[in-house]
Amino acid sequence: HDPNNRRRHPTFLLPAEPPCWGEEYKKMTFRQRIKAWNDSVVGDLNALPYIVYVFYTFKIWLYMWLFTNKVANPNAGYFDEDNVKRAILYNILGDVTGFHSTGGPLGLR
């Protein structure tokens, strides 16, 4: 059991090696290469990439929904001075509290 074996234990900082190389790699189309790589990383029920995509999609949607419905001035356009100032404050507040990063207090630790 070697934790540096990329084929058996791919991680974020130690990604999986390509599933094939050499002549076999040269014969494959781009679509076949991407599918083979996806199958090698996700094929062993490693759902992390999909969980990350869903997490960030929801996080961006929630960020925009909160700004649009709770912070923004509905009587002004998005690029009017009032809403631009509100957006800057909203962004600063999110950064200070750690809501906008994965390393903050509410991040994925």
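As the structure is a prediction and not an experimental result, all values here were calculated from the model.
- Closest non-hydrogen pair, Lys27 versus Gln32, comes out as O-OE1, 4.3 Å.
- Between atom OH of residue Tyr56 and atom CD1 of residue Ile60 there is a gap of 9.0 Å, rounded to the nearest 0.5 Å.
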Take Asp82 and Asn73 through the test side chain to side chain donor-acceptor pair (under 3.5 Å) and record every step on the way to the result. CA-CA 7 Å; Asp82 185 36; Asn73 182 356; 2.8 Å; yes
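- A donor-acceptor pair under 3.5 Å links the side-chain atoms of Asp80 to the main chain of Gly77, judged by distance alone.
- For the atom pair Asn83 CG and Asn75 CG, the distance stands at 9.5 Å (nearest 0.5 Å).
- Cation-pi geometry between Arg86 and Phe67 is not met: the NZ or CZ atom fails to fall both under 6.0 Å from the ring centre and inside 45° of the normal.
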Take Tyr78 and Val84 through the side-chain contact (heavy atoms from CB on, under 4.5 Å) test and state the conclusion after the steps. CA-CA 7 Å; Tyr78 283 117; Val84 170; over 6 Å; no
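- Counting non-hydrogen atoms of other residues, nucleotides and ligands closer than 6.0 Å to CE of Met64 gives a total of 12 or fewer.
- Note on Val96: it does not cluster hydrophobically with Tyr90, by side-chain heavy-atom contacts below 4.5 Å among ILVMFWY residues.
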side-chain contact (heavy atoms from CB on, under 4.5 Å) between Ile92 and Ile88, intermediate numbers included: CA-CA 6 Å; Ile92 291 171; Ile88 292 170; 3.8 Å; yes
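- Formation of a donor-acceptor pair under 3.5 Å by the Asn69 side chain with backbone atoms of Trp65 is found in this model.
- When all heavy atoms are compared, the tightest approach of Met28 to Arg33 is O-NH2, 3.3 Å.
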Starting from the C-alpha separation in whole Å, work towards a yes-or-no answer on side-chain contact (heavy atoms from CB on, under 4.5 Å) for Thr68 and Tyr63. CA-CA 9 Å; Thr68 303; Tyr63 175 80; over 6 Å; no
Evaluate the criterion salt bridge (charged side-chain N to carboxylate O under 4.0 Å, His left out) for residue pair Lys85 and Glu81; output intermediate values, then yes/no. CA-CA 6 Å; Lys85 288 179 181 178; Glu81 183 179 354; 2.9 Å; yes
